[in-house]
Amino acid sequence: MARVACQYPSNSPNQQPSPIPSYTHHPSPVSPQQSLGHANWTVEDPDLMPTQDDWTLVYRYITNNGQSPPVMFSIDGDLHLRNYFRSSPALRLISAAVSAHVVTPPVPETIALSYYKRARKAIAWAMNQEQTVETIQSLYWLYLFSTWKGQPVIGRAFLKMALEVILNLRMNIDPDDSPWLYHLNLSPREKEGRRRAFWASYQMYQWEYALSIDTEYINISDQWMKPPTQIYDPHLIFTDCRHAKAESAVYALLGDLKRHLYIPPNSINDLFGSKATAALNSRLIQIHQSAPIDILLIAESSFRISESDAVRFLNQLSAISVQDIPFVFSVNMNLLASASILLRPKLYLSSLKCCVPSFLTPEKHSIIISAIQESLDAANRIACLIAFYMDAGTRNISQGFFFRPLKLLVYPIFDAMIVFWFVKCRMDPVWAPLAGQLFTWNMLKDRVAGMMDFVHKLKETELKRGVQAGAMLPLTQCMEAMMREMESVECGGRREPSPLNNEGSPDFEEIVLGMNMVSLTEFDGDYLAYKLGEEFGGKEEARSHGDYFGN
């Protein structure tokens, strides 16, 4: 006698039937690990066993409550639903945790956290077994969930593990160029699934690399990988994501720029030019040239987006999946921000008394003028793009959701704000007439007002959700302070603060900027004793930055 407790499905009269999609032949609700045919009569840990409720929750997320096909970025959603009960426990549980976090109507937060804790238990077991593509997918989604919940350090640990598995399985080499896979006779759909597992984790590693100088360097590259492609079998399987390779490249460049500028120069003369700066500039040009031309939104003028520009942009965007629209804007705005950051040291020279035009050689004078003009050009183009982004959402009400404010776009906006603030409040006035028509207060205040409107709308959305974690609050506070100082200077205030006041302390407004961190484990019963910072609210927004995140 096996002495194994049996579990029977509930026949409660109040239980609603689970929706089953017409395209899916729903598998048996029995996991292979539950079979008693094993020689050693082992039974899977009950904590890791699947249920019909788990599948229904994931189905609701992947198909938008049955209203959309299961088309995602990082994973074959259709295959995941079909094989859910045969999938690894880690992938099943973390997909349920992500679903519980973003599904509409919402489910109690404790359910998502419970799935997450069980998924961590499952991945700890899986890392000691033979690793597969599902291991990478599980680690990637664990990274997403941890990051959404205000735990970036934990998230980065999962992301690092995912990249290590990718390297161990040699999945950083395209499956078309992997002879060791030939015997598997992989279909185009299966090959694309392996590519997506790579691109999802690799893209987010480059995102982390760009955000934080503390991100651990991992020697991994996309040079042997083909970009994501669309697959039909017979219906669409994955989202388009033609921007993925260019987006990863620009994040990698931003990360290298940050680390390059982190090291002080030996002298001011080094800021006028160096081999390292020239190499970074060459990379920026290469990214521009290699990016798909149909995702580049380049206006004829930096002053405004003309009607012909707007028509051209809308035609370009109409050929792109609506879920990818924010990322297309992200690529364009971050390319502009990269150019601006590369010029930042030269721009800062315009605030030094030793670098007034009369003290400089014609060559150095020209370098600073070019830095001012090109920085303002990039900042103006970022401001114009964000204005177009918001206006397009207003015009296209049916698709307005995909043009809403997202944190993804705040960082290049922050960079543009730095340029405007510096030129207005820190640059020596002697350079202002030489900057040309790119900088006037009437134009500037409209640009800044548009960017601040974007940021404030995002801030209001987050406050309504009770967000306390994440980087949004300090970024907003800093931009608001820059805005106040620009207005003060325009009204006749000082252009730069004096070092000390009579009390010997800094004589300028001090703002304490920081991030609140919260725990993923401390909750009491059915009520959370704290509020978790939410990076994304609904399913679609999680997909817009989550399943990079999904459909």
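Computed from heavy atoms alone, side chains included, the values below leave out hydrogens, waters and symmetry copies. Please read these numbers as outputs of a predicted model, since none were measured by experiment.
Taking the six-membered ring where tryptophan is involved, the planes of Phe145 and Tyr116 are essentially parallel, since the angle between them stays under 30° and well short of 60°. Between Tyr59 and Trp55, the ring planes are parallel. Angles under 30° get that label, and only those over 60° would be called perpendicular.
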Using the rule given for ring pair (Phe, Tyr, Trp, His ring centres under 6.0 Å), can you reason through Phe198 versus Trp224, listing the C-alpha separation, both sets of side-chain angles and the distance that settles it, and then say yes or no? CA-CA 11 Å; Phe198 167 84; Trp224 297 293; over 10 Å; no
Phe329 vs Phe388, test: side-chain contact (heavy atoms from CB on, under 4.5 Å). Steps then yes/no. CA-CA 10 Å; Phe329 277 86; Phe388 174 79; 3.7 Å; yes
Between Asp47 and Lys121, does a salt bridge (Lys or Arg N to Asp or Glu O under 4.0 Å) hold up when you go through it step by step? CA-CA 9 Å; Asp47 225 17; Lys121 179 179 179 180; 3.6 Å; yes
Evaluation steps, side-chain contact (heavy atoms from CB on, under 4.5 Å), between Tyr202 and Met171: CA-CA 11 Å; Tyr202 179 77; Met171 283 182 56; over 6 Å; no
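Residues Gln203 and Tyr140 have side chains not in contact (no heavy-atom distance under 4.5 Å, counting atoms from C-beta outward). Side-chain contact between Ser201 and Leu139 is absent, with no heavy atoms from C-beta onward closer than 4.5 Å. Using a 4.5 Å heavy-atom cutoff, the side chains of Pro69 and Thr63 are not in contact. Side-chain contact between Ser330 and Leu409: present, with at least one pair of heavy atoms (C-beta onward) separated by less than 4.5 Å. Counting heavy atoms from C-beta outward, Tyr389 and Asn332 have side chains that stay 4.5 Å or more apart. Residues Leu385 and Ile382 have side chains not in contact (no heavy-atom distance under 4.5 Å, counting atoms from C-beta outward). Looking at Val133 and Gln137, their side chains come closer than 4.5 Å, going by heavy atoms from C-beta outward. Between Leu142 and Ile123, some side-chain heavy-atom pair lies under the 4.5 Å cut-off.
Residue Ala112 comes nearest to Ala97 through the heavy atom pair O-CB, 3.7 Å, listed as atom of the first residue, atom of the second, then distance. Taking every heavy atom of both residues into account, Ser138 and Ser88 meet most closely at OG-OG, 4.1 Å. Asp294 and Ile320 make their closest contact through O-CD1, 4.2 Å (heavy atoms, listed as atom of the first residue, atom of the second, distance). The shortest non-hydrogen separation linking Arg156 to Ser212 is NH2-CB, 4.0 Å. The shortest heavy-atom contact between Arg283 and Ala249 is NH2-O, 4.5 Å.
Side chain of Asp177 to backbone of Ile173: no donor-acceptor contact under 3.5 angstrom is found. Between the side chain of Ser248 and the backbone N or O of Ala244, at least one donor-acceptor pair lies under 3.5 Å. Looking only at distances, a side-chain donor or acceptor of Glu190 sits under 3.5 Å from a matching main-chain atom of Ser187. A donor-acceptor contact shorter than 3.5 Å is absent between the side chain of Ser302 and the backbone of Asp377.
A side-chain N or O of Thr51 and one of Asp54 form a donor-acceptor pair less than 3.5 Å apart.
Taking CG of Asp174 as the reference point, atom CZ of Arg194 lies at 10.0 Å (rounded to 0.5 Å).
The salt bridge (Lys or Arg N to Asp or Glu O under 4.0 Å) test applied to Glu192 returns Arg195, Arg196, not counting sequence neighbours.
The salt bridge (Lys or Arg N to Asp or Glu O under 4.0 Å) contacts involving residues 138-147 comprise nothing, where partners must be two or more places apart or lie in separate chains.
Arg312 and Asp309 are joined by a salt bridge, as a carboxylate oxygen and a charged side-chain nitrogen come within less than 4.0 angstrom of each other.
Ring centroid separation for the pair Tyr251 and Tyr209 does not come in under the 6.0 Å cut-off. When ring centroids are compared, Phe238 and Trp199 stay outside the 6.0 Å threshold.
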